[in-house]
Amino acid sequence: MQRKIIHIDADCFYAAIEMRDRPELRGIPMAVGGSAERRGVLTTCNYDARAYGVRSAMPTAQAMRLCPQLTVVPPQMHKYREASKVMRSIFADFTEVIEPLSLDEAYLDVSEVCEEDLTATRIAKMIRKRVEEELAITVSAGVSVNKFIAKVASDWEKPNGLTVVTPTEVDAFVAALSVKKIPGVGAVTADKMHRYGLRTCADVREWSLHDLRRRFGQFGVVLHERARGRDERPVQPSRVRKSISVERTFAEDVSGPAEWSPIIEGLYLNLMERIEAAKAWHAIDKAFIKLKFNDFTTTTVERVGTKAVEADYEDLLVEGWERKSRPIRLIGLGVRLISEGEHASERSTVL
Ligand code: TTP
Ligand code: MG
């Protein structure tokens with residue numbers, strides 16, 4: 001069966017959130033990042049700034065040279081995570097098969113939920129509309145038969161664009177596509193391909209699989225597939241994880257709050273790294289702590305609706321400790337995550 005895949009990517013995401021919340025930033029070149037004095041780097045910038053050549057990951061000092069009137073504001077990650085969470089709950093109203101790629105980007109497989117009057121294009125339109133209504137930012141969407149083409153399509157008319165590549169259009173669309181649009185083809189590979197006269201996917205089709213492998217190794221197989229518009233990779237919903245936590249057992253018992261601050265600081269940083277690695281910011285439901293006392297009894301305390309900031313953990317730990325007020329053998333910090341199942345039930349109530 002022909003699959004129906006949507007790729008969604010918010011437009012200048014962090015910058016869009018800042019412009020939404022601070023109207024004075026609209027209509028002027030602005031970016032989100034560290035200051036030039038502190039050798040900061042930009043996370044992203046709005047489209048006004050892009051007109052000057054300013055880009056993500058550019059040192060702020062360099063961006064200021066390209067665009068001296070650039071306004072740079074510091075990132076507010078909690079706002080972006082919150083917006084990401086809302087975006088994902090909107091996606092979940094349409095399908096359970098969601099593969100988030102980052103805070104502002106996801107693949108959706110809507111093959112199973114499409115009906116005659118509910119086409120993938122219509123779903124993409126509804127998602128774009130709802131994100132705009134609920135978050136006051138715009139997302140671009142690509143709709144096609146696989147991940148590769150859906151992703152290229154979402155970028156096609158950015159910002160605030162919707163591009164649909166129907167099954168009958170795939171062949172011509174891909175033939176004309178620059179090889180640089182193939183994910184995995186960076187500047188170095190593109191240069192190498194250009195040296196061989198490979199500029200478009202049509203050029204790549206002229207080469208045999210054998211020759212592509214000989215010149216580009218295993219990646220040659222990908223090139224051979226993508227040049228023909230093929231991409232069998234499934235949309236993989238994020239693994240169901242119920243919680244992420246870190247804990248530490250002490251060689252010597254910790255007497256109580258007076259002694260634990262440096263330990264908690266370290267544990268908290270570990271936890272943040274784990275959440276980051278799991279790309280689980282959007283799914284945080286509760287913060288919790290675990291304490292094991294020197295009598296081997298264990299207690300846990302949790303808090304709902306939290307951003308899991310360090311202060312939350314301090315409060316929870318004090319609450320837990322006061323239950324026994326005795327020396328501690330182990331401290332654990334964690335977050336409980338919203339499960340896929342909960343998303344599914346949200347979906348059934350909304351639809
Ligand atoms: P992107 O989707 O790559 O970029 P964007 O949303 O800002 O702009 P576009 O309209 O082209 O999609 O990344 C999403 C967010 O991730 C971006 O707003 C900021 C952050 N980010 C970084 O922090 N560092 C980076 O190098 C990049 C590329 C993004
Ligand atoms: Mg984006």
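Whatever order the structure lists ligands and atoms in, that order sets their numbers, starting from 1.
Near Phe13, meaning under 4.0 Å from one of its heavy atoms, ligand 1 places the atoms 5 (P), 6 (O), 7 (O), 18 (O). Close approach of ligand 1 to Tyr47 is summarised as follows: ligand atoms under 4.0 Å from at least one heavy atom of the residue are 9 (P), 10 (O), 11 (O). Atoms of ligand 1 found under 4.0 Å from any heavy atom of Thr44, numbered from 1 in the order shown, are 5 (P), 7 (O), 17 (C), 18 (O), 19 (C). The atoms of ligand 1 that sit less than 4.0 Å from any heavy atom of Arg50 are 5 (P), 7 (O), 8 (O), 9 (P), 10 (O), 11 (O). Of all the atoms in ligand 1, the ones that sit under 4.0 Å from a non-hydrogen atom of Ala57 are 26 (O). Less than 4.0 angstrom separates some heavy atom of Ala10 from each of these atoms of ligand 1: 6 (O), 9 (P), 10 (O), 12 (O).
Judged purely by distance below 3.5 Å, without hydrogens or angles, the side chains of Arg3 and Ser111 never pair a donor atom with an acceptor atom. At a cut-off of 3.5 Å, with distance as the only test, no side-chain donor of Thr119 or Thr121 sits close to an acceptor on the other residue. Between the side chains of Glu105 and His7, at least one donor N or O sits under 3.5 Å from an acceptor N or O. In the model, Arg65 has no side-chain atom that pairs as donor or acceptor with a side-chain atom of Thr60 under 3.5 Å. With hydrogens and angles left out, the side-chain atoms of Asn294 and Arg326 include a donor and acceptor closer than 3.5 Å. Residues Glu314 and Tyr268 have side chains that never bring a donor and an acceptor to within less than 3.5 angstrom of each other.
Of the protein's heavy atoms, Tyr14 N, 3.0 Å lies nearest to atom 18 (O) of ligand 1. Ranking protein heavy atoms by distance to atom 23 (O) of ligand 1, first place goes to Thr43 CB, 3.3 Å. Of all protein heavy atoms, the one closest to atom 1 (P) of ligand 1 is Asp104 OD2, 4.1 Å.
Not counting sequence neighbours, Phe293 has no partner by the ring pair (Phe, Tyr, Trp, His ring centres under 6.0 Å) test.
In Ala15, neither the side chain nor the backbone holds a heavy atom less than 4.0 Å from any atom of ligand 1. Heavy atoms of Glu105 found under 4.0 angstrom from ligand 1: none, in either backbone or side chain. The side chain of Asp9, and not its backbone, has at least one atom closer than 4.0 Å to an atom of ligand 1 (non-hydrogen atoms only; side chain from C-beta on).
With hydrogens and angles disregarded, no donor-acceptor distance shorter than 3.5 Å links the side chain of Arg274 to the backbone of Val246.
Ion pairing of Asp48 with Arg26 is absent here, as no side-chain N (NZ or NE/NH1/NH2) approaches a carboxylate O to less than 4.0 Å. The pair Asp104-Arg88 does not count as a salt bridge, with every side-chain nitrogen at least 4.0 angstrom from each carboxylate oxygen. The residues Asp315 and Arg303 are annotated as salt-bridged, a charged nitrogen and a carboxylate oxygen being separated by less than 4.0 angstrom. Under the 4.0 Å criterion applied to side-chain N and carboxylate O atoms, Arg214 and Asp211 are assigned as salt-bridge partners. For Glu133 and Lys129, the salt-bridge test passes: some basic side-chain N is under 4.0 Å from an acidic carboxylate O.
Under the salt bridge (Lys or Arg N to Asp or Glu O under 4.0 Å) test applied with Asp11, the options Arg20, Lys158, Arg128 reduce to a single match, Lys158.
Within the protein, the N, O or S atoms sitting under 2.8 Å from the Mg ion (ligand 2) are Asp9 OD1, Ala10 O, Asp104 OD2.
Annotation: cation-pi geometry satisfied between Arg336 and Phe288 (NZ/CZ under 6.0 angstrom from ring centroid, within 45° of ring axis).
Residue contact annotation: Cys12 has a non-hydrogen atom under 4.0 Å from ligand 1. For Tyr80, the closest heavy-atom approach to ligand 1 does not fall below 4.0 Å. Remark: distances from the non-hydrogen atoms of Ser102 to ligand 1 are all 4.0 Å or more.
Protein heavy atoms are found inside the 4.0 Å sphere centred on atom 26 (O) of ligand 1.
Considering backbone and side-chain N/O of Leu42, none are found under 3.5 Å from N/O of ligand 1. Residue contacts with ligand 1: Asp11 is placed with no nitrogen or oxygen under 3.5 Å of a nitrogen or oxygen of the ligand (distance criterion only).
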